[in-house]
A.B. asks: 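Can you keep this structure in mind? I'll have questions shortly.
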Amino acid sequence: MSKRRKQHTEKLKAKVALEAIQNESTLTEIGKKFGVHSLQVGKWRKDLVERSHEIFTDGRRKSSGGGDDESVDELLKTIGRLKVENDYLKKKSGLND
C-alpha cells in the first residue's frame, strides 16, 4: 500500500505562512497547530516572502522574466518542423499548391 501525499489548499498554506511570518510561535508549534511538518511551514514562509511581490504585479504588463522566451522558442521550433513535414507530405502526395 503506497502512501499518498497530503494535498493542502492554497488558503491553508497562506494562513500557515502568514502566521509563521509573525514570529509569535515557533515553526514546530505552528506545524502542530495546523497538522503540518515544521519544515513545510518554513518552506511556505520562505515562498511567501520571496513571491509576495507577485500579488502587486500588474497582469496587463508583459513580464521581463526569461521563462516565456523559452516557451516561444520551443513553439517556433515546433512550427518550423511541422511546416517542413507538411510541405514534404504535400509534395509527395501531389497536393502542392
A.B. asks: Please step through salt bridge (Lys or Arg N to Asp or Glu O under 4.0 Å) for the pair Asp73 and Lys77, ending with a clear verdict.
C.D. replies: CA-CA 6 Å; Asp73 289 343; Lys77 286 179 189 176; over 6 Å; no
A.B. asks: I want to check something: taking the side chain as every heavy atom from C-beta on, are Leu18 and Lys13 in contact at a cut-off of under 4.5 Å?
C.D. replies: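 Not in contact.
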A.B. asks: Evaluate Val36 against Lys43 for side chain to side chain contact (heavy atoms under 4.5 Å, CB included), listing each step before the verdict.
C.D. replies: CA-CA 11 Å; Val36 178; Lys43 182 187 179 316; over 6 Å; no
A.B. asks: Would you kindly confirm whether Phe34 and Trp44 end up in one hydrophobic cluster when ILVMFWY residues are joined by side chain heavy atoms under 4.5 Å apart?
C.D. replies: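 Shared cluster, yes.
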A.B. asks: How far apart are the closest heavy atoms of Ile30 and Ala20, and which atoms are they?
C.D. replies: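 Taking Ile30 first and Ala20 second, the nearest heavy atoms are CD1-CA, 3.5 Å.
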A.B. asks: Given Arg81 and Glu85, is the salt bridge (Lys or Arg N to Asp or Glu O under 4.0 Å) satisfied, shown in steps?
C.D. replies: CA-CA 6 Å; Arg81 181 180 53 80; Glu85 289 175 7; 3.0 Å; yes
A.B. asks: Taking only Lys NZ, Arg NE, NH1 and NH2, and the carboxylate oxygens of Asp or Glu, determine whether Lys83 and Asp87 approach each other closer than 4.0 Å.
C.D. replies: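 Salt bridge present between Lys83 and Asp87.
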A.B. asks: Taking atom CZ of Arg51 as the centre, does the number of heavy atoms from other residues, nucleotides or ligands within less than 6.0 Å exceed 12?
C.D. replies: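 No - once you tally the heavy atoms of other residues, nucleotides and ligands closer than 6.0 Å, there are 12 at most.
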A.B. asks: Inspect the contact between Glu19 and Lys33 and indicate whether a charged nitrogen and a carboxylate oxygen are less than 4.0 angstrom apart.
C.D. replies: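 Answer for the salt bridge query: yes.
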A.B. asks: When rounded to the nearest 0.5 angstrom, what is the spacing between CD1 in Ile55 and CG in Leu48?
C.D. replies: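 Ile55 CD1 to Leu48 CG: 6.5 Å, rounded to 0.5 Å.
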A.B. asks: Can you tell me how far the OG atom of Ser52 sits from the CD1 atom of Ile21, to the nearest 0.5 Å?
C.D. replies: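 Reported to 0.5 Å precision, the distance equals 7.5 Å.
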A.B. asks: Could you go through Lys15 and Lys11, starting from their C-alpha distance and side-chain angles, then the distance that decides it, and tell me whether this counts as side chain to side chain contact (heavy atoms under 4.5 Å, CB included)?
C.D. replies: CA-CA 6 Å; Lys15 191 173 187 176; Lys11 285 185 178 185; over 6 Å; no
A.B. asks: Which is it for Val41 and His37 under the side chain to side chain contact (heavy atoms under 4.5 Å, CB included) test, yes or no, and what are the steps along the way?
C.D. replies: CA-CA 7 Å; Val41 174; His37 195 280; over 6 Å; no
A.B. asks: What are the two closest non-hydrogen atoms of Gly42 and Leu27, and how far apart are they?
C.D. replies: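 Looking at all heavy atoms of both residues, the shortest contact is CA-CD1, 3.9 Å.
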A.B. asks: For residues His8 and Lys6, report the shortest heavy-atom separation together with the two atoms involved.
C.D. replies: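 Looks like CE1-CD, 3.6 Å.
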A.B. asks: Are the side chain of Glu29 and the backbone N or O of Thr26 linked by a donor-acceptor pair below 3.5 Å?
C.D. replies: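 Judged by distance alone, yes, a pair lies under 3.5 Å.
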